*Asks:* 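Pasting a structure below so you can have a look.
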Amino acid sequence: MRFSISTAFIPVDQQLPIARAADELGYHSIAIPDHVVDLETLATPYPYTPDGARRWDFSAEWPDPWVLVGALAAVTTKLRFFTSVYVPALRNPFQVAKTVGTAAVLSENRVSLGIGIGWCLEEFELLGQDFRTRGKRTDEGLALMKELWESEWAEFEGAFHTAPKLTMKPNPTERIPIFVGGLSEIAFARAARHDGWIGDLYTVDEAIGHATRLREIREEVGNDRDFSFITALTDAFLPEHFVRAEEGGVTDCMTMPWAYYFGLDASIEQKVEGMARFRDDLMTPLEKLTG
């Protein structure tokens with residue numbers, strides 16, 4: 001089981017010390033969320049709460065994920081970074097490819113692109129992007145981005161974007177893994193075609209159920225590559241809980257370790273202390289259990 005620090009709603013001035021500590025303590029990665037803006041009034045309900053209300057208040061900070069990756073990569077050596085999740089359909093795919101590819105090069109291939117199709121109609125309208133075609137544009141955009149990253153000279157012909165023969169430098173020297181978020185069968189199918197799935201907040205039983213369904217779909221599409229199943233677990237507190245989740249198909253757990261000891265509103269000193277205690281109380285015993 002690998003552990004990722006979720007940086008959702010964490011103030012920007014705490015991000016670098018958290019990344020340094022995570023790197024030193026042996027955490028696998030940093031998970032970075034994405035919103036361009038946070039509109040005061042929305043008609044679109046938030047899809048991950050029972051009442052449709054957002055989980056955060058307007059004081060939450062949303063730094064640009066790829067600018068943040070550049071800063072965090074500069075102060076770490078082993079830590080990986082992924083977005084949880086980025087919405088490429090809000091942007092031009094050529095610009096997304098340039099930004100993510102540059103981050104991959106500067107971080108020495110420590111970047112994975114976690115994507116979703118997006119849920120907020122108003123944010124799409126504000127950025128001048130068609131909400132109705134976001135799924136199809138996401139799929140085409142991912143294909144275009146792979147071509148731009150992996151080809152010396154790229155050409156592309158799609159329903160939404162066309163590229164004459166061109167080159168985009170710098171090219172990543174390794175393939176950028178693509179993870180997909182979302183709970184629908186369409187989202188599962190999209191994830192099964194790529195390198196992993198990113199979930200929300202689930203019990204161990206719920207996570208195992210989702211992992212089982214994803215395994216079935218991957219077998220149907222013939223994807224036998226390494227596959228990451230990343231989620232937060234709401235009822236895992238002891239090493240044996242995480243062992244059961246891992247045996248059920250969960251490869252990575254997103255967490256805010258300080259919440260176990262100090263609550264979510266911890267100071268930066270408490271956050272770092274909580275990360276160290278979580279490593280000693282859970283990660284090290286878990287390694288001994290699983291070999």
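All values derive from a computational prediction rather than experimental measurement.
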*Asks:* Taking Leu238's backbone N and O only, do any of them form a donor-acceptor pair with His241's side chain (distance below 3.5 Å, no angle check)?
*Replies:* yes
*Asks:* Look at atom CD of Glu150 and say whether more than 12 heavy atoms of other residues, nucleotides or ligands are closer to it than 6.0 Å.
*Replies:*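 Check passes, neighbour count above 12.
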*Asks:* For side-chain contact (heavy atoms from CB on, under 4.5 Å), just list the numbers for Trp149 and Val100, CA-CA rounded to whole Å, side-chain angles, deciding distance to a tenth of an Å, and then say yes or no.
*Replies:* CA-CA 9 Å; Trp149 291 330; Val100 179; 3.8 Å; yes
*Asks:* To the nearest 0.5 Å, what is the distance between CD on Glu155 and CD on Glu147?
*Replies:* 8.0 Å
*Asks:* Please tell me if the side chains of Val96 and Thr99 come closer than 4.5 Å, counting only heavy atoms from C-beta onward.
*Replies:* no
*Asks:* Considering only residues two or more places apart or on different chains, which pairs with a residue in residues 248-291 satisfy ring-ring contact (aromatic ring centres under 6.0 Å, His included)?
*Replies:* Phe3-Phe278, Tyr260-Phe278
*Asks:* Remaining members of Tyr46's ILVMFWY cluster at a side-chain heavy-atom cut-off under 4.5 Å?
*Replies:* Phe9, Val36, Val37, Leu39, Leu42, Tyr48, Trp56, Trp62, Val87, Leu90, Trp119, Leu121, Phe124, Leu126, Leu127, Phe131
*Asks:* With heavy-atom distances below 4.5 Å as the criterion, would you say the side chains of Val111 and Trp66 are in contact?
*Replies:*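 Contact flag for Val111/Trp66 side chains = yes.
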*Asks:* May I ask you to test the Leu286-Met1 pair for a side-chain heavy-atom distance under 4.5 Å?
*Replies:* yes
*Asks:* Between the side chain of Gln15 and the main-chain N/O of Val12, is any donor-acceptor distance below 3.5 Å?
*Replies:* no
*Asks:* Who else is in the cluster with Leu148 when I, L, V, M, F, W and Y are joined by side-chain contacts under 4.5 Å?
*Replies:*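 The other cluster members (ILVMFWY side chains, heavy atoms under 4.5 Å, direct or chained) are Phe94, Leu144, Phe156, Leu166, Met168.
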*Asks:* Excluding sequence neighbours, so at least two apart, what forms side chain to side chain donor-acceptor pair (under 3.5 Å) with Asp235?
*Replies:* none
*Asks:* For Phe160, give me all partners under ring pair (Phe, Tyr, Trp, His ring centres under 6.0 Å), at least two apart in sequence or on another chain.
*Replies:*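 Partners of Phe160 under the ring pair (Phe, Tyr, Trp, His ring centres under 6.0 Å) test: none.
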*Asks:* Could you tell me whether a side-chain N or O of Asn223 sits under 3.5 Å from a main-chain N or O of Arg218, the two making a donor and an acceptor?
*Replies:* no
*Asks:* Tell me whether Val67 is reachable from Tyr86 by hopping between hydrophobic residues (I, L, V, M, F, W, Y) whose side-chain heavy atoms are closer than 4.5 Å.
*Replies:* no
*Asks:* Using only atom types and a distance under 3.5 Å, with no angle test, would you say the side chain of Asp38 pairs donor to acceptor with the backbone of Phe58?
*Replies:*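 No; zero donor-acceptor contacts below 3.5 Å.
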*Asks:* Salt bridge check: are Arg277 and Glu273 linked by an N-O gap of less than 4.0 Å?
*Replies:* yes
*Asks:* Apply the test side-chain contact (heavy atoms from CB on, under 4.5 Å) to residues Val105 and Thr173: give CA-CA distance (whole Å), side-chain angles for both, the deciding distance (0.1 Å), then the verdict.
*Replies:* CA-CA 7 Å; Val105 171; Thr173 57; over 6 Å; no
*Asks:* Any sub-3.5 Å donor-acceptor pair from Ser4's side-chain atoms to Ala31's backbone N or O?
*Replies:*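 No; judged by distance alone, with no hydrogens or angles, the pair does not exist.
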*Asks:* Indicate yes or no for a side-chain donor-acceptor contact from Ser267 to the backbone of Gln270 under 3.5 Å, with no hydrogens or angles considered.
*Replies:*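 It does hold such a pair.
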*Asks:* Listed by chain and number, what are the side chain to side chain donor-acceptor pair (under 3.5 Å) partners of Glu206, not counting sequence neighbours?
*Replies:*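 Result, side chain to side chain donor-acceptor pair (under 3.5 Å) vs Glu206: Thr203.
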*Asks:* Kindly say whether the aromatic ring centers of Phe227 and Trp197 come within a distance under 6.0 Å.
*Replies:*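 No, ring centres 6.0 Å or more apart.
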*Asks:* May I ask you to check whether Thr231 and Asp200 show a side-chain donor-acceptor distance below 3.5 Å?
*Replies:*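 Absent: no donor and acceptor within the cut-off.
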*Asks:* When hydrophobic residues are tied together by side-chain contacts of less than 4.5 Å, even through go-betweens, does Met145 share a cluster with Val85?
*Replies:* no
*Asks:* Mind checking whether Met254 and Val204 sit in one hydrophobic cluster, side chains of I, L, V, M, F, W, Y counted as touching below 4.5 Å?
*Replies:*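 Hydrophobic grouping puts Met254 apart from Val204.
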*Asks:* If I take atom CG from residue Leu68 and atom CD1 from residue Ile30, how far apart are they, to the nearest 0.5 angstrom?
*Replies:* 8.5 Å
*Asks:* Among residues at least two apart in sequence or on other chains, which ones pass ring pair (Phe, Tyr, Trp, His ring centres under 6.0 Å) with Phe81?
*Replies:* none
*Asks:* Nearest 0.5 Å please: distance from the CZ atom of Arg190 over to the CD1 atom of Ile217.
*Replies:* 12.0 Å
*Asks:* So with a 6.0 Å cut-off around CG of Asp280, is the heavy-atom count from everything else above 12?
*Replies:*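 Yes, because the 6.0 Å sphere around CG of Asp280 holds more than 12 heavy atoms from other groups.
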*Asks:* Is Glu246 reaching over with its side chain to a backbone N or O of Thr251, donor-acceptor style, under 3.5 angstrom?
*Replies:* no
*Asks:* Can you list everything that forms a salt bridge (charged side-chain N to carboxylate O under 4.0 Å, His left out) with Lys165? Sequence neighbours excluded, please.
*Replies:*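 Partners of Lys165 under the salt bridge (charged side-chain N to carboxylate O under 4.0 Å, His left out) test: none.
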*Asks:* Under a 4.5 Å cut-off applied to non-hydrogen side-chain atoms, are Asp139 and Arg193 in contact?
*Replies:*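 Yes, side chains in contact.
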*Asks:* Can you list the residues that meet the ring pair (Phe, Tyr, Trp, His ring centres under 6.0 Å) rule with Phe179, with sequence neighbours excluded?
*Replies:*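 Ring pair (Phe, Tyr, Trp, His ring centres under 6.0 Å) list for Phe179, sorted by chain: empty.
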*Asks:* Is it true that atom CZ of Arg225 has more than 12 heavy atoms of other residues, nucleotides or ligands lying nearer than 6.0 Å?
*Replies:*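 Yes.
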*Asks:* Applying side chain to side chain donor-acceptor pair (under 3.5 Å), name anything that partners Glu123, two or more places apart in sequence or on another chain.
*Replies:*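 Testing Glu123 for side chain to side chain donor-acceptor pair (under 3.5 Å), a comparison that skips the adjacent residues, returns His35.
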*Asks:* Please check: side-chain N/O of Thr83 versus main-chain N/O of Pro33, any donor-acceptor pairing under 3.5 Å?
*Replies:* no
*Asks:* Within a radius of less than 6.0 Å around CG of Asp57, do more than 12 heavy atoms belonging to other residues, nucleotides or ligands occur?
*Replies:* yes
*Asks:* Among pairs that include at least one residue of residues 74-102, which meet salt bridge (charged side-chain N to carboxylate O under 4.0 Å, His left out), considering only residues two or more places apart or in two chains?
*Replies:* Asp34-Arg91
*Asks:* Rounded to the nearest 0.5 Å, what's the gap from CH2 on Trp153 to OG1 on Thr167? Could you check?
*Replies:*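 Nearest 0.5 Å value for the CH2-OG1 distance: 5.5 Å.
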*Asks:* Could you tell me whether the side chain of Lys146 reaches within less than 4.5 Å of the side chain of His194, counting heavy atoms only?
*Replies:*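 SC-SC contact between His194 and Lys146 confirmed.
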*Asks:* Tell me whether Leu72 shares a hydrophobic cluster with Ile230, the cluster being built from Ile, Leu, Val, Met, Phe, Trp, Tyr side chains joined at under 4.5 Å.
*Replies:*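 As far as the 4.5 Å side-chain criterion goes, Ile230 and Leu72 are not connected within one cluster.
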*Asks:* Could you work out, with side chain to side chain donor-acceptor pair (under 3.5 Å) as the rule, every residue matching Tyr27, not counting sequence neighbours?
*Replies:* none
*Asks:* Measuring from atom OG1 of Thr102 to atom NZ of Lys169, what distance do you get when rounded to the nearest 0.5 angstrom?
*Replies:*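 Answer for the OG1-NZ pair, Thr102 versus Lys169, is 12.5 Å.
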*Asks:* Any donor-acceptor pair under 3.5 Å linking the side chain of Arg110 with the backbone of Leu79?
*Replies:*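 Such a contact is found between Arg110 side chain and Leu79 backbone.
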*Asks:* Is a side-chain donor or acceptor of Ser6 paired with a backbone partner of Met256 at a separation under 3.5 angstrom?
*Replies:*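 Not a single qualifying donor-acceptor pair exists.
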*Asks:* Is any side-chain heavy atom of Gln129 less than 4.5 Å from a side-chain heavy atom of Arg134?
*Replies:*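 They are not in side-chain contact.
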*Asks:* Hydrophobic clusters here meaning ILVMFWY residues chained together by side-chain heavy-atom distances under 4.5 Å, can you tell me if Ile10 and Leu201 are in one?
*Replies:*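 Different hydrophobic clusters.
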*Asks:* Decide yes or no for Ile117 and Arg137: does some side-chain heavy atom of the first lie under 4.5 Å from some side-chain heavy atom of the second?
*Replies:*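 Not in contact.
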